[in-house]
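These notes concern the structure reproduced below.
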Amino acid sequence: AAVQQTVKEQEEKMLLKRKRETGLPQLDTNVYEITPYTFRKIEYPNRRMNLLVPSINAEHVFGGISTALKFFDTLVKALGYDARIILVDAEPDKAAIKKYSDEYTFVKAEDDSLVAKQIIPYSNRFNRSIPVSENDYFLFTGWWTAYCCQDAYVGFENTFGIKPNIFLYFIQDYEPGFYSWSTKYLLADSTYKSDYPTIAIFNSMLLKEFFDENHYHFTHSFAFDPVLNDGLRKALEQMPAQVDKKKQILVYGRPGTERNAFNLVVAALKKWVMMQPDIEEWEILSAGEMHRSIPLGNGKELVSVGKLTIEEYARTLQETYAGISLMCSPHPSYPPLEMSVFDVKTITNTYANKDLKDFNDNMVSLDNISPMNIATHLTEICKAYRPQVEHVTANPLYVKNEHVFDFIKDIKEIL
Ligand code: TRH
């Protein structure tokens with residue numbers, strides 16, 4: 001009778017719980033970025049450097065992934081290690097496979113391949129593992145690639161007793177800042193606090209300084225400053241001493257990337273079109289990501305040209321008189337630097353320790369980034385319009401720096 005009474009009570013409780021929950025939506029508590037990686041043990045004869053990146057498809061290879069790939073290439077050549085690239089977010093498309101096939105063999109996660117240069121697509125990883133040996137080293141860049149690798153090693157160490165070789169973390173931004181205060185903010189932050197020994201490599205001295213000021217600590221740290229990409233450098237070297245400029249504004253327009261503060265740029269332009277005396281003579285372009293034209297008022301619109309090829313981008317920079325490129329982060333980002341060396345009067349923002357005002361004379365770095373302040377500065381800049389401007393003297397180490405990754409020799413000593 002006592003048992004029957006307990007069963008009855010439990011059933012009643014269940015019924016009550018179901019009744020209360022009826023009508024509530026299903027909760028999705030998954031964080032898709034951290035879908036786990038699984039490592040399986042293999043014997044691999046050589047030391048091998050692994051790069052974890054979201055994708056190698058052209059549409060995803062902007063500043064960040066492109067710099068990581070360049071660094072990886074320089075690193076494996078200097079170390080003389082085998083190389084493996086693991087693609088964690090997007091399957092390689094036909095163009096990417098064609099581009100990389102001369103140098104790399106595309107390998108399935110299931111294969112225990114011993115080929116010296118491999119690429120493994122691993123975005124579809126449900127019930128799939130990748131082979132890892134004691135000779136594998138990992139270089140990661142986005143926080144979620146760091147998180148998954150650190151997490152996978154905990155399981156790998158427990159099952160097979162294999163600790164990771166010192167990690168290389170290629171930090172290209174303060175990534176908790178990509179989110180509001182939230183789960184992802186904390187997950188990103190956790191990757192800077194792993195107990196596993198880690199070499200941090202910062203994209204820009206400013207970013208390293210920001211991490212230092214915020215008391216993050218790594219086993220070893222290195223930093224390098226951005227260098228103009230090869231395509232733009234070739235175009236820059238052809239620039240005349242006097243550069244022809246159209247009455248044209250270029251904005252770095254990426255509505256899908258919050259840190260580039262697209263809506264703020266639009267709000268500033270809406271004010272500016274009302275303030276600029278000869279507004280009918282100006283064109284306003286948005287480059288970076290394709291979007292619909294945006295009416296700004298006063299008969300003007302912001303016209304998107306999408307992501308231009310490097311040649312088109314160089315041409316557009318050269319003919320543009322003024323630009324706006326914002327970056328809500330301690331990293332400078334590439335476009336404001338690029339605009340300024342192509343003689344575009346460039347409005348950008350400060351952030352924490354970042355202030356680009358001394359980069360060159362074309363840079364206008366605003367501490368107060370209100371739309372009205374941007375519009376006021378843009379009006380002043382545009383009132384001083386001349387059809388020809390003198391080509392600025394750029395920092396030579398920004399234009400070309402063959403020694404940018406020279407600290408690799410110190411990394412070699414550590415490894
Ligand atoms: O990869 P990105 O999104 O930038 C990243 C992040 O901003 C990250 O936070 C930062 O730390 C890391 O870079 C270093 O892209 P970014 O910096 O905005 O650079 C864009 C590049 O794209 C730039 O070098 C030039 C190129 N570009 C084109 O090829 N065509 C275009 O039309 C434009 C506007 C840019």
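The shown structure was predicted, so the numbers you read here are calculated from the model rather than taken from an experiment. Atoms within a ligand are numbered from 1 in the order they appear, just like the ligands themselves.
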**Report entry** Student check: side-chain heavy atoms of Leu415 and Met49 closer than 4.5 Å
**Finding:** yes

Under a heavy-atom criterion of less than 4.0 Å, does [X] contact ligand 1?
X: Glu312; answer: no
X: Thr67; answer: no
X: Glu175; answer: no

With heavy-atom distances below 4.0 Å as the criterion, list the atoms of ligand 1 near [X].
X: Asn203; answer: 14 (C)
X: Ala287; answer: 32 (O), 34 (C)
X: Arg259; answer: 3 (O), 6 (C), 7 (O), 8 (C), 9 (O)
X: Glu338; answer: 23 (C), 24 (O), 25 (C)
X: Leu308; answer: 28 (C), 29 (O), 30 (N), 31 (C), 32 (O)

Query - Charged N-O contact under 4.0 Å between Lys383 and Asp278 - result: no

Query raised in the report: Is it true that Phe71 and Phe405 have ring centroids separated by less than 6.0 Å?
Result: yes

Requested in this report: May I ask you to check whether Tyr192 and Tyr169 place their ring centers less than 6.0 Å from one another?
Outcome: yes

Report task. Please say whether the positively charged group of Arg254, taken as NZ for Lys or CZ for Arg, lies over the ring of Tyr252, i.e. under 6.0 angstrom from the six-membered ring centre and within 45 degrees of the axis. Result -> no

Query raised in the report: Does NZ or CZ of Lys117 lie under 6.0 Å from the centre of the six-membered ring of Tyr104, at an angle within 45° of the ring axis?
Result: yes

[X], portion touching ligand 1 at heavy-atom distance under 4.0 Å:
X: His331; value: side chain
X: Pro335; value: side chain
X: Ile310; value: side chain

Query raised in the report: Looking at atom 4 (O) of ligand 1, what's its closest protein heavy atom, distance included?
Result: Gly64 N, 3.9 Å

Requested in this report: May I ask you to identify the nearest protein heavy atom to atom 21 (C) of ligand 1, giving residue, atom name and distance to one decimal place in Å?
Outcome: Gly63 N, 3.9 Å

Query raised in the report: Is the Tyr321 ring parallel, tilted or perpendicular to the Trp282 ring (thresholds 30°, 60°)?
Result: tilted

Query - Aromatic ring pairing Phe407/Phe224, orientation class (parallel under 30°, perpendicular over 60°, tilted between) - result: parallel

Query raised in the report: Nearest to atom 18 (O) of ligand 1 by heavy atom, Tyr313, Tyr174, Tyr252: which?
Result: Tyr252

Query raised in the report: For Phe140, which of Phe167, Phe170, Tyr147 qualifies under ring pair (Phe, Tyr, Trp, His ring centres under 6.0 Å)?
Result: Phe167

